Visitor: 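Questions regarding the structure given below will be posed in turn.
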Amino acid sequence: MYLDEYKRWLAADLEDADLKPELSKIEGNDEEIKDRFAVALKFGTAGLRGVLGAGTNRMNIYVVRQATQGLANWVKTQGGSQTVAISYDSRLKSDVFAKTAAGVLAANGIKVRIYDALMPVPALSFATRYYECNAGIMVTASHNPAKYNGYKAYGPDGCQMTDDAAAIVYDEIQKTDVLTGAKYISFAAGVEQGLIRFVGDDCKKALYDAIEARQVRPGLCRTAGLKLVYSPLNGSGLVPVTHVLNDMGITDITIVPEQEYPNGYFTTCSYPNPEIFEALKLGLELATKTGADLMLATDPDADRVGIAMKCPDGSYELVSGNEMGVLLLDYICAGRIEKGTMPANPVAVKSIVSTPLADAVAKHYGVEMRNVLTGFKWIGDQIANLEAAGEVDRFIFGFEESYGYLAGPYVRDKDAVIGSMLICEMAAYYRSIGSSIKQRLEEIYAQYGRYLNKVDSFEFPGLTGMEKMASIMQKLRDEPLTEIGGHKVVKVMDYKKPEETGLPAANVLIYTLENGATVVVRPSGTEPKIKTYFTTLGKTLEEAQAQKDALAAAIEPILK
Ligand SMILES: O=P(O)(O)OC[C@H]1O[C@H](O)[C@H](O)[C@@H](O)[C@@H]1O
């Protein structure tokens, strides 16, 4: 079967000149052929993601055409504006795939609003809402290595697509022949027919206005003298992040030169994920040289931002997603209360795997903290609920431990542009009062306790890996843990039981131990991994770390 499909591709008159040589090269190599043709990339709520190349299990113009035809069939049943917004990042072929998708939509009579240059996830979410589109497409593989690309799909609310809509699109994709099934006209023809239009300057300006309106202490940065090093990691963050920072008066910005301009090969950071040290390495070197207060890095589609902060001894320390979430929540609450801009009954939202320290901080400021499943769309969902009740202004902040932040309702996915803006404003503020982010973080720990949050992950690649993960989770349910590392389990929350959690069913187990520590076990929704999240609370960091190490050592054999 897969051999027949391979031969069909080999014989076809393929429009992408890179694909033919790759197909010829693997002739006779069963393993390589099987890998590319035995299965198709699966379209889910996060769209598509895969390695670039030839075949049904790869990202190429044909797989993009097929997926977009599936999306188009769904859009046609939706009424409304019959418009789709498109953006793309700096990855290899991102611009080609974006224009390919536009050509398929136009051929189906659907209007397109596409950015004239690469723009990040929040810009796509914003344009989807601004033009009242039925859907949005962001061509990106987020923070994956260079050989990947992908296609994030958005619903009319600017959130990543719902399960129901994604299932319909998937069905439609199945009915569409990958090589010949999609309707298609060239991008130029679509523009000529007036179906494809670029995103207007009005939309871009409205996004910047919406972000800048969320400054907590407007004008503060003009005089605070913040010194910044920024790396867009060769992605789409450069233009929007520097635009906003310039507008707010931050002028002392050194951009990491090797990572300044779009470059889909990511030659200086093979895994452009601001969660990991390697991605921040060049920026850190430059920060040390320039003595910057802060170093920021955004991932290729600029929905995540990672930072390193300067400590009093001149060294730099990485700040985790949990710590930054807590710092921003604390800064926004204190600042808005001081400025008299805190709404009545404020709401913050975080995922259930993000730090409980944020619950304590929210309580301190009288903010309702809502805990939702992993996936930023669940945070978007809470904003939508508030909006439906006419209370959208109650939303002040949302975050996930995976370095995603949002501080307003203008988009419905994580936004590293507003993240960067508020992190800089916060750093500038602490600088202006003779303090620092580091000092504030220490104060928070002194006030609420020395929380430590760590995530470990265990990889289970391939089909057998999937089965193994399922059997591990099943075993944990069949034979519930009564103690972990010598600490009694006092509560187990099984998120497969919506009646107990009040949330949609999810494959997550949360153990609370008698000493107050928690251990979360869940398979990742984006990678073939089981993730374990530990929260420990000690008198000192060392104590919290020792507790975490003991818990991790006890859990590890179960995950082998
Ligand atoms: O833990 P995972 O299921 O792999 O998800 C980790 C993260 O992946 C993506 O970035 C999603 O947009 C986030 O919402 C999620 O937190």
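Please read these numbers as outputs of a predicted model, since none were measured by experiment. Read the numbers this way: they start at 1 and go in the same order the structure lists the ligands and their atoms.
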Visitor: Could you tell me which atoms of ligand 1, counted from 1 in the order shown, lie closer than 4.0 angstrom to a heavy atom of Arg522?
Guide: 1 (O), 2 (P), 3 (O)

Visitor: Taking atom types as modelled and ignoring hydrogens, do the side chains of Glu258 and Thr268 form a donor-acceptor contact shorter than 3.5 angstrom?
Guide: no

Visitor: Nearest heavy atom to atom 14 (O) of ligand 1 wins, so pick from Gln160, Lys377, Glu275, Glu400.
Guide: Glu400

Visitor: Could you tell me whether Arg91 and Asp301 have a side-chain N and a carboxylate O separated by less than 4.0 Å?
Guide: no

Visitor: Is it true that Asp303 and Lys152 have a side-chain N and a carboxylate O under 4.0 angstrom from each other?
Guide: yes

Visitor: Does ligand 1 have a heavy atom under 4.0 Å from the side chain of Thr526, from its backbone, from both, or from neither?
Guide: both

Visitor: With the threshold set at under 4.0 angstrom, would you say Gly375 reaches ligand 1 through any of its heavy atoms?
Guide: yes

Visitor: Heavy-atom distance to atom 10 (O) of ligand 1: which of Glu401, Arg304, Lys152, Glu527 wins?
Guide: Arg304

Visitor: If we count only N and O atoms by modelled type, under 3.5 Å, do the side chains of Thr535 and Asn453 hold a donor and an acceptor together?
Guide: yes

Visitor: Does a donor on one side chain sit under 3.5 Å from an acceptor on the other, for Ser94 and Asp89?
Guide: yes

Visitor: Less than 4.0 Å between a side-chain N and a carboxylate O, is that true for Asp456 and Lys548?
Guide: yes

Visitor: With a heavy-atom distance limit of 4.0 Å, tell me whether Tyr403 approaches ligand 1 through its side chain, its backbone, both, or neither.
Guide: neither

Visitor: Tyr451 and Asn322: side-chain donor and acceptor closer than 3.5 Å?
Guide: no

Visitor: Which ligand 1 atoms does Gly525 reach within 4.0 Å, using its non-hydrogen atoms?
Guide: 2 (P), 3 (O), 4 (O)

Visitor: So which protein heavy atom does atom 6 (C) of ligand 1 come closest to, and at what separation?
Guide: Lys531 NZ, 3.9 Å

Visitor: Is ligand 1 under 4.0 Å from a heavy atom in the side chain of Lys414, in the backbone, in both, or in neither?
Guide: side chain

Visitor: Select one of side chain, backbone, both or neither to describe which atoms of Lys529 lie under 4.0 Å from any atom of ligand 1, heavy atoms only.
Guide: neither

Visitor: Can you list the residues that meet the side-chain contact (heavy atoms from CB on, under 4.5 Å) rule with Asn371, with sequence neighbours excluded?
Guide: Lys350, Ile352, Asp359, Met369

Visitor: So for atom CD, which belongs to Glu132, do other residues, nucleotides or ligands contribute more than 12 heavy atoms lying within a distance under 6.0 Å?
Guide: no

Visitor: Can you name the atoms of ligand 1, numbered from 1 with element, that are less than 4.0 Å from a heavy atom of Ser524?
Guide: 2 (P), 3 (O), 4 (O)

Visitor: Just let me know how Ser402 lines up against ligand 1, side chain, backbone, both or neither, with a heavy-atom cut-off below 4.0 Å.
Guide: side chain

Visitor: Just which atoms of ligand 1 are under 4.0 Å from any heavy atom in Tyr533?
Guide: 1 (O)

Visitor: May I ask you to decide whether Glu387 forms a salt bridge with Arg412, counting only side-chain N to carboxylate O separations under 4.0 Å?
Guide: yes

Visitor: Under 4.0 Å from a heavy atom of Thr374: give me the atoms of ligand 1 that qualify, with their elements.
Guide: 5 (O), 16 (O)

Visitor: May I ask whether Phe399 places a heavy atom under 4.0 Å from ligand 1?
Guide: no

